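See structure below.
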2 protein chains.
Amino acid sequence: MRLTQHTDYGLRLLMYVALKNGQRCTIREAAESFAISRNHLMKIANLLQHHGVLNATRGKGGGLQLAKPANTLRLGDLVQTLEPDMALAECLGENNQCVVTSQCLLIGVLSDALHEFLRTLNQYTLEDICVPKQSELRSLLQIELVTAE
Amino acid sequence: MRLTQHTDYGLRLLMYVALKNGQRCTIREAAESFAISRNHLMKIANLLQHHGVLNATRGKGGGLQLAKPANTLRLGDLVQTLEPDMALAECLGENNQCVVTSQCLLIGVLSDALHEFLRTLNQYTLEDICVPKQSELRSLLQIELVTAE
DNA sequence: AAATAAGATGCATATAATATACATCTTATT
DNA sequence: AATAAGATGTATATTATATGCATCTTATTT
Ligand code: SF4
Ligand code: SF4
């Protein structure tokens with residue numbers, strides 16, 4: 001059982017954007033800071049923008065910003081948005097061929113556990129995983145905030 | 001996020017064996033009842049035997065039996081045994097290259113959620129997902145118990 | 001208007017994980 | 001010796017995932 005790299009990259013990107021404190025950041029910049037594929041991150045940014053989590057503006061001076069305050073973005077919801085597929089077992093996805101589906105008691109147990117997993121994640125927001133260590137994280141990611149004048 | 005088919009097949013096999021009520025069953029028989037790959041199921045049976053969940057005896061009249069009572073086999077433990085890998089994110093597996101690992105607060109949140117997932121599964125045993133629907137399941141799987149004489 | 005800097009999109013490819021098949025070996029029973 | 005079962009190792013197929021590339025659109029600046 002693992003989350004796709006896609007999902008983790010998405011969360012990393014959101015952490016990056018949140019750590020910029022409202023200042024726009026480009027995808028290129030985030031990809032370089034994390035030393036990960038820019039192309040890949042592009043698609044993730046796009047997905048998050050379509051889901052109303054990120055605002056993306058094109059053109060010179062453009063970039064990404066959070067579409068909502070970091071303390072309203074719950075991690076369980078973000079994981080559900082980012083994961084391509086949360087079908088734990090065959091019967092929970094498409095093309096189910098399992099012969100015991102109609103009477104299987106395991107389905108409910110698995111759904112229950114998945115629910116607890118997401119519920120636990122939803123006890124935390126993007127803010128919770130950024131703010132307490134913001135200076136350390138900014139340093140690791142070489143984020144320098146431009147001070148207003 | 002999904003469990004491998006491997007894991008679900010393992011649980012199906014255990015359900016099958018449990019529904020036989022102590023009577024031996026062959027892997028072939030279980031594979032046919034579920035209409036799934038016999039070769040695949042063989043490896044799973046072997047894994048479970050090595051982990052002390054199943055007893056396997058070879059030769060004519062041989063087959064599988066539960067190594068422990070069904071009500072002592074907790075689903076969370078079984079899933080952990082069957083899943084090849086529970087590393088939710090890059091940093092929880094091998095070859096981690098994530099640059100923020102040393103300060104990342106997400107790791108703890110993910111571990112927490114995984115723990116809740118397994119804890120929830122461990123509230124149920126193999127017995128819990130078999131006995132309440134045993135006759136219906138036996139019928140779907142064409143299991144006919146030989147009555148003692 | 002042109003140049004440039006950004007994201008958007010679609011297609012192709014590479015890689016890795018997973019599932020499946022096949023062949024052969026071992027063990028136990030009859 | 002024959003047969004029925006599981007054990008094991010290797011090879012292959014399939015699928016999911018990750019990555020790369022080319023082109024397009026949008027916005028800003030000059
Ligand atoms: S065994 Fe139960 S949980 Fe697994 S695929 Fe079949 S119906 Fe779903
Ligand atoms: S971002 Fe955090 S959780 Fe994700 S791989 Fe890096 S250290 Fe692990």
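These numbers come from the heavy atoms of this one structure, side chains and all, not from hydrogens, waters or symmetry mates. All figures in this text were calculated on a predicted structure; none of them were measured in a lab. Quick note on labels: first sequence line is chain A, next is B, and so on, each numbered from 1.
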message = Stem list for DNA chain D, please, built from Watson-Crick and G-U wobble pairs under 3.5 Å and keeping only runs of at least 3.
response = C:1-30 with D:1-30

query = Which pairs pass salt bridge (Lys or Arg N to Asp or Glu O under 4.0 Å) with one or both residues in residues 18-29 of chain A, sequence neighbours excluded?
reply = A:K20-A:E29

task = Mind running side chain to side chain contact (heavy atoms under 4.5 Å, CB included) on B:L54 and B:L13 for me, showing each step along the way?
result = CA-CA 10 Å; B:L54 284 177; B:L13 177 61; 4.1 Å; yes

Using a 3.5 Å distance criterion without hydrogens, assess whether the side chain of [X] forms a donor-acceptor pair with backbone atoms of [Y].
X: A:N71; Y: A:E127; result: no
X: A:D8; Y: B:A89; result: no
X: B:E90; Y: B:N96; result: no

note = Closest to the 5' end of DNA chain D, once A:P84 and B:R38 are matched to their nearest nucleotides, is B:R38

key: Passing option when B:L66 is tested against B:L126, B:N55, B:T72, B:L48 for side-chain contact (heavy atoms from CB on, under 4.5 Å)   = B:L126

message = Categorize A:N39 for me: base, sugar-phosphate, or nothing, with a 4.0 angstrom heavy-atom threshold over every strand shown.
response = base

CA sep, side-chain torsions, deciding dist, call: B:K68, B:V53, side chain to side chain contact (heavy atoms under 4.5 Å, CB included) = CA-CA 7 Å; B:K68 301 172 188 172; B:V53 175; 5.7 Å; no

inquiry  = Expressed as a whole number of angstroms, how long is the span from B:I44:CD1 to C:dT18:P?
reply    = 13 Å

query = Considering only heavy atoms, which members of residues 58-68 of chain A lie under 4.0 Å from some atom of DNA chain D?
reply = A:R58, A:G59, A:K60

Sorted by number, the residues of residues 1-12 of chain A with heavy-atom contact under 4.0 Å to DNA chain D = A:T4, A:Q5, A:H6, A:Y9

query = Looking at residues at least two apart in the chain, or sitting in another chain, which of them share a salt bridge (Lys or Arg N to Asp or Glu O under 4.0 Å) with A:D112?
reply = none

request  = Name all residues meeting the salt bridge (Lys or Arg N to Asp or Glu O under 4.0 Å) criterion together with B:R119; count only those two or more places apart in sequence or in a different chain, and write none if there are none.
outcome  = B:E116

request  = Using the test ring pair (Phe, Tyr, Trp, His ring centres under 6.0 Å), find all partners of B:H40 that sit at least two apart in sequence or belong to another chain.
outcome  = B:H6, B:Y9

A:A87: partners by side chain to side chain contact (heavy atoms under 4.5 Å, CB included), with sequence neighbours left out = A:D85, A:L92, B:R2

request  = For DNA chain C, determine which residues of residues 48-57 of chain A have any heavy atom closer than 4.0 angstrom to one of its atoms, and list them numerically.
outcome  = A:Q49, A:H50, A:A56, A:T57

What does the list of N/O pairs under 3.5 Å between the protein and nucleotides 1-3 of chain C look like, with a distance for each?
none

query = Does one hydrophobic cluster hold both A:L14 and A:V131, with members joined at side-chain heavy-atom distances below 4.5 Å?
reply = no

query = What pairs meet the side-chain hydrogen bond (donor to acceptor under 3.5 Å, both in side chains) rule with one or both residues in residues 130-145 of chain A, with sequence neighbours excluded?
reply = A:K133-B:Q103, A:Q134-A:R138

ask   = So where does chain A start and stop touching DNA chain D, 5' to 3', when the test is distance under 4.0 Å to a non-hydrogen atom?
value = D:dT17 to D:dT28

